[in-house]
There are 2 protein chains.
Amino acid sequence: MTISFASSQLSEHDHKKCVSAALDTAEHICIIRGVQLTPIRHKVLELIWESHKAVKAYDLLDRLKLIMEAAKPATIYRALDFLIEQGLIHRVESLNAFIGCSCSDHQHEQLLLICNRCHEVEERSAVKVMEVLAHEIEQANFILHSKAIEIHGICSKCDAQAGNKN
Amino acid sequence: MTISFASSQLSEHDHKKCVSAALDTAEHICIIRGVQLTPIRHKVLELIWESHKAVKAYDLLDRLKLIMEAAKPATIYRALDFLIEQGLIHRVESLNAFIGCSCSDHQHEQLLLICNRCHEVEERSAVKVMEVLAHEIEQANFILHSKAIEIHGICSKCDAQAGNKN
DNA sequence: CTACCATACGTAATACTATAACGTTTCATC
DNA sequence: GATGAAACGTTATAGTATTACGTATGGTAG
Ligand SMILES: [Zn+2]
Ligand SMILES: [Zn+2]
Ligand SMILES: [Zn+2]
Ligand SMILES: [Zn+2]
């Protein structure tokens with residue numbers, strides 16, 4: 001059965017394109033910025049991009065160990081720190097997990113739609129939300145450093161599948 | 001030195017009123033719902049309300065141990081689970097910490113302004129933000145279960161203090 | 001009454017997440 | 001070829017959270 005009517009941008013797509021685009025962009029960004037996308041960092045980024053699901057640090061570690069026996073927690077966390085600093089991945093606070101950044105323009109003005117069923121995370125730009133939110137923050141005389149908007153629920157794809165089962 | 005011009009709702013207030021209001025409300029809500037605000041749960045809620053700072057589970061545990069030697073992690077986490085279920089506290093995902101809920105009407109349509117300096121957390125209702133956000137979520141065909149908007153930065157009080165030092 | 005059941009709690013063990021500390025390698029620069 | 005910075009290796013430890021199983025309590029059906 002195919003899901004022809006699902007509306008999520010994550011459905012039915014050529015994921016290899018996501019991966020290669022993400023890695024190409026990362027390589028490009030790192031060259032421009034003069035920072036090193038070392039083999040470990042590159043591999044961790046690739047592992048994160050294996051799917052659109054949020055992935056845990058120790059799961060990454062297990063997978064990294066398959067090709068790099070000596071990998072330790074610090075190995076992963078250092079790579080994650082680097083990738084976050086460079087805005088190449090996002091930390092999902094409510095899951096203690098990580099996803100590849102798919103902000104089209106890497107402006108990181110995004111909200112995360114986290115599916116509690118399939119665990120995929122969709123990043124949406126939501127310009128209007130950010131505008132109104134910025135205004136609200138300003139009204140509170142609060143000096144913004146960073147913001148995280150994490151929405152939990154059921155994605156359109158999973159909802160459609162559940163609907164089909166009835 | 002007093003800070004007479006700070007604008008945060010958390011400044012210069014009678015915190016005993018916050019605590020007693022929160023505890024009274026909690027007792028009332030639990031009676032209405034037919035759930036038990038046991039002595040442990042009540043005490044944990046009181047400890048959380050000692051300040052407007054987000055508090056960690058193991059810090060709560062240490063303080064609970066002072067009056068209840070046998071307290072263990074499960075003691076705290078069970079109380080926290082209950083209080084969250086009842087909407088009497090919020091979990092701050094980005095801090096692995098907890099704050100008392102101060103939604104005026106316990107509708108939990110709030111955003112959290114988290115000060116990185118003093119660690120106080122202000123809960124703001126932000127109706128307009130929620131409206132626009134709800135619309136955005138609907139457009140994504142996403143079925144909402146819960147949402148967390150966590151803003152990090154410097155609160156007006158801390159900003160004013162920093163200003164005074166110059 | 002008492003057998004039953006649900007809720008809350010006691011207790012121990014364990015799992016999961018993350019960082020600290022210090023040594024080594026590498027490579028560009030002086 | 002000494003110096004210094006960045007990345008990584010390695011070990012230990014800190015911090016966060018859950019599982020599992022046993023006990024106590026109180027309400028309720030029989
Ligand atoms: Zn993809
Ligand atoms: Zn889903
Ligand atoms: Zn107060
Ligand atoms: Zn502050």
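Note on naming: letters A, B, ... go to the chains in the order of the sequence lines (proteins, then strands), and numbering restarts at 1 for each one.
Side-chain N/O atoms of A/R41 and A/Q36 include no donor and acceptor closer than 3.5 Å. Remark: the A/E150 side chain and the A/S94 side chain contain an N/O donor-acceptor pair separated by less than 3.5 Å. Donor-acceptor pairing under 3.5 Å is recorded for the side chains of B/S102 and B/E123. Neither side chain, B/E122 nor B/H52, offers a donor N or O lying under 3.5 Å from an acceptor on the other.
At a cut-off of 3.5 angstrom, the base of D/dA14 holds no donor-acceptor pair with the side chain of B/Y58.
Rounding to whole angstrom units, CG of residue B/D81 and P of D/dT18 are separated by 7 Å. What separates CD1 of B/I84 from C1' of D/dT18 is a distance of 14 Å, to the nearest Å. We find that CZ of A/F98 is positioned 13 Å from C1' of C/dC16, with the value rounded to whole Å. One interatomic measurement links the two molecules: NZ of A/K43 to P of D/dC8, which rounds to 15 Å at whole-angstrom precision. One can place CG of B/D62 at 13 Å from C1' of D/dT16, the figure rounded to the nearest angstrom. Atom CG in A/L61 sits roughly 14 Å away from atom P in C/dT19 (whole-Å rounding). Atom pair A/H42:NE2 and D/dA7:P shows a separation of 16 Å (rounding to whole Å applied). Atom CG of A/L80 is separated from atom C1' of C/dT17 by 12 Å (rounded to the nearest Å).
Between B/N96 and D/dA17 there is a side-chain polar atom (N or O) within less than 4.0 angstrom of OP1 or OP2. Side-chain N/O atoms of A/Y77 include one lying less than 4.0 angstrom from OP1 or OP2 on C/dA18. Taking side-chain N and O atoms only, B/K56 has no distance below 4.0 Å to OP1 or OP2 of D/dG15.
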Contact letters for nucleotides 4-11 of chain C, in which S counts primed atoms plus P, OP1 and OP2 and B counts the base, heavy atoms under 4.0 Å: ---SSBBB
Check against side chain to side chain contact (heavy atoms under 4.5 Å, CB included), B/I149 and A/L111: CA-CA 9 Å; B/I149 307 186; A/L111 57 87; over 6 Å; no
Which donor-acceptor pairs under 3.5 Å do the side chains of residues 126-138 of chain A make with protein atoms, sequence neighbours left out?
from, atom 1, to, atom 2, distance (Å)
A/E136, OE2, B/R124, NE, 2.9
A/E136, OE2, B/R124, NH2, 3.2

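Taking CG of A/L47 as the reference point, atom NE2 of A/H42 lies at 11.0 Å (rounded to 0.5 Å).
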